[in-house]
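Data first, discussion second: the structure below is written as structure tokens.
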Amino acid sequence: MKTALLSTVAVVFVSTVASARITKVEIDGAALFFLRGHLVSGGDFYYPEEAGSAKHSGSAGYIMELAEDGSVKNLKRNMSSGNAVIDEHVRQTLQRYRFKPATKSPLQWYISFFWPDRIKVILTPAGDQQRRVLGGRKA
């Protein structure tokens, strides 16, 4: 009985440590400049526990259209990471973003997850014809 209790405590501890893993988020320099000038609020990207446990890496791509008030009017996935949990996490996070009114759109987002602890964010604002492909699967 004592062994079963210790095993349960060990499993809970390992799960807690794994979910508390620190994730390094890198933001492309041009994206950081744009976000500093236009972003009002938004969510944070992190490695979803299920995707991290599966050691999944991949890139998700989304096109974001903004309403006049800076809220997200439309969000369309154009590239899947290959993992439904990551794709949904990115969608929910981007949906919470708010920009200054009249920010030009569409915005092209690429969010790459590199197991075990790194996420890279690339944003291409409207009018910027440069497209960066990070790999992944078409949606």
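Atoms considered below: every heavy atom in the structure, side chains included; atoms not considered: hydrogens, waters and symmetry mates.
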**OP:** Please test Thr93 against Asp44 for side chain to side chain contact (heavy atoms under 4.5 Å, CB included), starting from the C-alpha separation and ending with a verdict.
**Re:** CA-CA 7 Å; Thr93 301; Asp44 293 324; 6.0 Å; no
Original post:
From Glu26 CD over to Ser112 OG, what is the distance, rounded to the nearest 0.5 angstrom?
Top reply: 10.0 Å
**OP:** Say whether Trp115 and Val85 are linked into one hydrophobic cluster, either directly or through other cluster members, by side-chain heavy-atom distances under 4.5 angstrom.
**Re:** no
Original post:
Can you find a heavy atom in the side chain of Ser81 that is under 4.5 Å from one in the side chain of His56?
Top reply: yes
Original post:
Is a donor on one side and an acceptor on the other found under 3.5 Å between the side chain of Tyr62 and the backbone of Asp87?
Top reply: yes
Subject >> Backbone of Gly37 reached by a side-chain donor or acceptor of Lys100 within 3.5 Å >> reply: yes
Subject >> Intermediate values then yes/no, side chain to side chain contact (heavy atoms under 4.5 Å, CB included), Gln108 and Asn78 >> reply: CA-CA 9 Å; Gln108 175 71 57; Asn78 65 348; 3.2 Å; yes
Subject >> Rounded distance [0.5 Å steps], CE in Met79 versus CD1 in Ile111 >> reply: 9.5 Å
Original post:
Are any of the side-chain heavy atoms of Val121 and Asp28 separated by less than 4.5 Å?
Top reply: no
Original post:
Is there a side-chain contact between Phe113 and Asn83, using heavy atoms and a 4.5 Å cut-off?
Top reply: no
Original post:
Is there a chain of hydrophobic side chains (I, L, V, M, F, W, Y, each step under 4.5 Å between heavy atoms) that links Leu39 to Val72?
Top reply: yes
Subject >> Same apolar cluster (I L V M F W Y, side chains within < 4.5 Å links), Phe33/Met64 >> reply: no
Original post:
Is the number of heavy atoms from other residues, nucleotides or ligands under 6.0 Å of Glu50 CD greater than 12?
Top reply: no
**OP:** Identify the heavy atoms of Pro106 and Glu65 that sit nearest to each other, and give their distance.
**Re:** CB-CG, 4.3 Å
Original post:
Under 3.5 Å, is there a donor-acceptor pair between the side chain of Ser71 and the main chain of Ala67?
Top reply: no
Original post:
Taking the six-membered ring for Trp, are Tyr47 and His89 ring centroids under 6.0 Å apart?
Top reply: no
**OP:** Treat each ILVMFWY residue as a node, draw an edge where side-chain heavy atoms are under 4.5 Å apart, and state whether Ile63 and Leu66 are in one component.
**Re:** no
Original post:
Stepwise, does the side chain to side chain contact (heavy atoms under 4.5 Å, CB included) test hold for Leu123 with Tyr110?
Top reply: CA-CA 6 Å; Leu123 168 64; Tyr110 290 105; over 6 Å; no
Subject >> Mutual orientation of the aromatic rings belonging to Trp109 and Tyr97 [parallel < 30°, tilted 30-60°, perpendicular > 60°] >> reply: perpendicular
Original post:
If you look at every heavy atom in Ile86 and Ala51, which pair is closest and at what distance?
Top reply: CG1-CB, 3.6 Å
Original post:
Are Leu75 and Phe34 in one and the same hydrophobic cluster, where Ile, Leu, Val, Met, Phe, Trp and Tyr link if side-chain heavy atoms are under 4.5 Å apart?
Top reply: yes
Original post:
What closest approach, in Å, do Phe45 and Leu94 show between heavy atoms, and which atom pair accounts for it?
Top reply: CZ-CD2, 3.8 Å
Original post:
Are the side chain of Ser80 and the backbone of Gly82 linked by a donor-acceptor contact shorter than 3.5 Å?
Top reply: yes
Original post:
Is there side-chain contact between Arg77 and Arg91, with heavy atoms separated by less than 4.5 Å?
Top reply: no
